[in-house]
Amino acid sequence: MSLHEPQPFYFGPEGAALFGWLHAPATTARQGLGLLIVNPFGFEEVCAHRSLRHFAEAASAAGFPSMRFDLAGCGNSQGDEFDANTPTKWLGSVHDAIDTLKTAGGVSQVLVLGVRLGAMLATLAVSERDDVAGLIAIAPVVRGKTYVRELTMLGQTGSPPGEGINGALESAGFLMTRETAASVSQVDLRALTQRPAPRVLIVERDDVTGTSEWAPLLQKLGADVRVGRWAGYARMMEDAQRAVVPEEMVAGVLACMRVWASQMALAPVAAEAPRRLSVRCRATTPGGKPAQVLETPIHIDTGTAAHLFGVLVTPEAAGPRPAVLMLNSGSIHHIGPNRLWVRLARQWAARGMTVLRLDIAGIGDSPARPGAQENVVYSPSATQDVAAALTYLRTHAGASECHLVGLCSGAYHSLKAAVAGQPVTSALMINPLTYFWKEGAQLGSVQEHEVPELTSKFRHKVLTLEPWQKLLRAELDVRLVTEVAVRRVWGMVAPHLLELARRLRIPLRHNLARELETAVQHGIRLHFVFADRAPGFALLKKQGGSAVQRLLEQQAASIDFVPNADHTFTRIEARERLVAVLDRLMPMPTEGARTQP
């Protein structure tokens with residue numbers, strides 16, 4: 001890594017450490033004004049992760065030492081959503097981050113940029129300080145009660161309000177305790193009695209109309225208020241694999257920062273490099289006893305200009321031990337779906353495993369390989385990334401054997417690595433949606449697993465008036481209907497033709513049965529875990545044919561089901577059932593896990 005590449009580190013109080021990234025500009029360009037980025041909460045943070053990294057990189061390139069970080073109990077930081085006094089800890093996180101940026105970035109004043117709930121937290125924190133030169137609030141949560149109501153509506157696909165664990169609010173896979181939700185509900189930024197900062201930039205959403213109700217109130221309090229509405233917010237907050245970096249918004253915010261910086265003309269001060277490059281986290285042993293595990297952010301060489309980023313979680317005891325490599329679920333960064341990888345990594349490390357939560361190239365915090373695009377979920381280089389990570393685990397982390405775990409695209413890459421004969425003992429694949437991916441294909445196009453659902457949808461509508469009216473108005477997507485119909489018919493015939501071709505030993509371009517058998521011949525055990533009614537299971541039976549049953553009978557493969565679950569196990573009670581299955585499938589050292597030569 002060069003001196004000016006982002007540096008991961010830990011800061012904050014012992015036992016409650018926070019994880020951050022310092023984006024330090026070139027010494028010759030460094031200004032005396034820094035930028036701190038405060039994340040939104042839960043699913044919105046997952047969606048905005050890549051865009052906020054681009055905000056930090058753009059600010060750093062312009063000379064502003066920048067820092068992004070995970071709030072207490074979120075992301076890579078210590079703690080979880082059940083911790084007491086979470087709102088107080090969140091505010092403390094912002095204060096600690098400001099202090100850290102001033103020291104590590106060598107600045108005397110900072111600008112604080114917050115998104116959604118992060119903007120509310122930033123406002124409350126900077127109101128208590130005199131070293132914050134400006135506040136940048138992107139789609140700020142002004143009224144906490146309205147925000148909690150929005151989370152509740154979003155959570156209707158999960159547990160109904162008040163029926164989560166201890167009455168907690170579940171929203172899009174993330175949990176807010178009753179106490180935290182009540183505390184957030186009480187906040188109303190319209191009731192501020194003093195300006196939070198001398199300068200405020202409010203960035204309005206581009207997907208809603210109306211003007212800011214907050215801006216006039218801040219102006220009355222004496223703040224220099226600007227209101228901007230640049231394109232990009234709505235697309236920034238889409239699902240991580242579809243989210244688009246809001247280049248126009250980044251440019252607009254940066255232009256405002258430059259104006260503010262020119263007004264202050266602050267000189268940089270001496271910077272002190274971050275020193276905490278690993279941290280001990282609390283975890284729980286199988287017997288429920290508290291334990292300590294060590295978390296260390298690492299970079300893995302790929303033989304190219306780009307490196308891979310991951311978080312290595314290990315037991316405190318030294319010596320060879322089994323290792324688990326956790327891969328990205330779609331474009332979700334290394335915390336995993338609903339932060340599940342963080343929880344599992346800590347639990348499994350407490351039981352004696354080494355766990356690496358990895359970002360493949362172009363996803364999360366791993367830069368794309370030279371010449372490649374970022375945020376490509378089914379990357380053709382993923383198998384090489386897995387190989388590099390496995391080499392790291394064996395040569396630097398003392399892994400006695402390695403296991404792969406992945407959900408969705410991570411399951412796909414786990415299978416391909418097993419087929420390639422990479423040195424792993426098992427591949428645990430959760431809800432794979434496809435077993436073959438054509439390079440250059442788009443996630444938005446119709447995938448094979450979507451055909452049954454679309455067929456059912458069209459079948460129910462064919463006897464209604466709506467589709468025929470659309471057809472007459474030339475509004476019906478005839479291409480889509482035709483494609484689904486043709487693929488449905490082919491789907492009914494294909495399994496029989498594929499099985500016949502296998503029996504006649506006719507070479508097939510996409511031969512899942514052969515791939516499964518090849519992986520098993522490498523000595524790799526295959527575990528599939530599906531949510532009930534998951535389309536990937538039907539696809540496995542269809543494309544794998546009789547080989548699937550044969551491998552099950554030979555106990556070379558296994559299939560488990562998690563009832564009442566969606567694709568990413570959004571509801572916490574579904575995740576608990578998933579964790580129970582994964583715990584059973586993953587051989588722990590105490591269970592006499594075999595050492596692979």
Side-chain angles (χ1 to χ4, degrees), residues 5-6 46-47 49-51 53-54 57 238-245 298-311 324-337 341 356-393 402-424 427-449 509-510 512 515 519 536 539 567-568:
E5 289 185 0
V46 172
C47 297
H49 182 86
R50 184 166 70 103
S51 294
R53 174 171 59 81
H54 278 260
E57 290 172 348
E238 290 188 12
D239 288 348
Q241 62 267 27
R242 294 181 175 85
V244 177
V245 177
I298 64 168
H299 290 92
I300 298 173
D301 183 22
T302 62
T304 71
H307 53 254
L308 304 177
F309 175 77
V311 177
V324 181
L325 176 59
M326 292 178 165
L327 302 178
N328 298 109
S329 171
S331 291
I332 299 173
H333 61 292
H334 50 273
I335 66 171
W341 283 182
L356 174 57
R357 301 187 276 112
L358 181 74
D359 283 336
I360 65 171
I363 301 294
D365 292 295
S366 290
R369 287 173 176 255
Q373 294 182 337
E374 64 178 25
N375 217 40
V376 177
V377 172
Y378 291 96
S379 167
S381 67
T383 303
Q384 298 170 264
D385 297 338
V386 172
L390 292 172
T391 298
Y392 179 92
L393 285 171
C402 296
H403 305 266
L404 298 174
V405 174
L407 186 152
C408 192
S409 63
Y412 173 90
H413 295 311
S414 295
L415 176 61
K416 297 307 176 183
V419 173
Q422 295 193 10
V424 297
L428 202 165
M429 295 156 283
I430 309 166
N431 276 347
L433 284 177
T434 185
Y435 301 96
F436 298 100
W437 185 263
K438 182 180 179 181
E439 186 174 349
Q442 299 297 315
L443 286 172
S445 58
V446 177
Q447 303 303 319
E448 188 163 1
H449 70 269
R509 181 184 177 190
H510 291 155
L512 180 58
E515 289 204 349
L539 208 56
H567 181 61
T568 57

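Because only heavy atoms are used, hydrogens play no part in the values below, and waters and symmetry mates are left out as well, while side chains stay in.
Taking NZ from Lys416 and OG from Ser409, the interatomic distance works out to 13.0 Å, rounded to the nearest 0.5 Å. The distance from atom CG of Leu358 to atom CD1 of Ile300, rounded to the nearest 0.5 Å, is 5.5 Å. Of the inter-residue distances, the one linking Leu356 atom CG with Tyr392 atom OH reads 8.0 Å to the nearest 0.5 angstrom. Taking SG of Cys47 as the reference point, atom CZ of Arg242 lies at 11.0 Å (rounded to 0.5 Å). Expressed to the nearest 0.5 Å, how far CG of Leu325 lies from SG of Cys402 amounts to 7.5 Å. Here Met326 contributes atom CE and His403 contributes atom NE2; the two are 12.0 Å apart, rounded to the nearest 0.5 Å.
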- request: Decide side-chain contact (heavy atoms from CB on, under 4.5 Å) for Thr383 and Val419; before the verdict, give the C-alpha distance in whole Å, the side-chain angles of both, and the deciding distance to 0.1 Å.
  value: CA-CA 10 Å; Thr383 303; Val419 173; over 6 Å; no

message: Run the side-chain contact (heavy atoms from CB on, under 4.5 Å) test on Leu433 and Asn431 for me, step by step, so that the C-alpha distance in whole Å, both residues' side-chain angles and the decisive distance to 0.1 Å come before the verdict.
response: CA-CA 6 Å; Leu433 284 177; Asn431 276 347; 6.0 Å; no

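The side-chain heavy atoms of Leu390 and Pro423, taken from C-beta on, include a pair separated by under 4.5 Å. Between Gln384 and Thr302, every side-chain heavy-atom pair lies at or beyond the 4.5 Å cut-off. Contact check for Ile332 versus Leu407: no side-chain heavy atoms found under the 4.5 Å cut-off. Residues Ile363 and Ser331 are in side-chain contact: their nearest non-hydrogen atoms beyond the backbone lie under 4.5 Å apart. Between His333 and Arg50, the closest side-chain pair of non-hydrogen atoms is not below 4.5 Å. Between Leu512 and Leu415, some side-chain heavy-atom pair lies under the 4.5 Å cut-off. Side-chain contact between His299 and Glu5 is absent, with no heavy-atom pair separated by less than 4.5 Å. Side chains of Thr434 and Tyr378 form a contact here, defined as non-hydrogen atoms less than 4.5 Å apart.
Looking at every heavy atom in both residues, Val405 comes nearest to Trp341 through CG1-CH2, 4.0 Å. Across Ala388 and Leu308, no two heavy atoms sit closer than the pair CB-CD1, 4.4 Å. Annotation for His334 and Asn328: closest pair N-ND2, 4.0 Å, computed over non-hydrogen atoms. Of all non-hydrogen atoms in Ala411 and Met429, the two that sit nearest each other are O-CG, 3.4 Å. Contact record, Pro367 with His307: CD-O, 3.2 Å, taken as the closest heavy-atom pair. Taking all atoms of both residues into account, the shortest heavy-atom contact from Ser379 to Ile360 is CB-CD1, 4.5 Å.
Looking at Ser366, its side chain does come within 3.5 Å of a backbone N or O of Asp359 through a donor-acceptor pair. Counting only distance, with no hydrogens or angles, the side chain of Glu374 and the backbone of Ala368 share no donor-acceptor pair below 3.5 Å.
Here His567 pairs with nothing under the ring pair (Phe, Tyr, Trp, His ring centres under 6.0 Å) rule; sequence neighbours left out.
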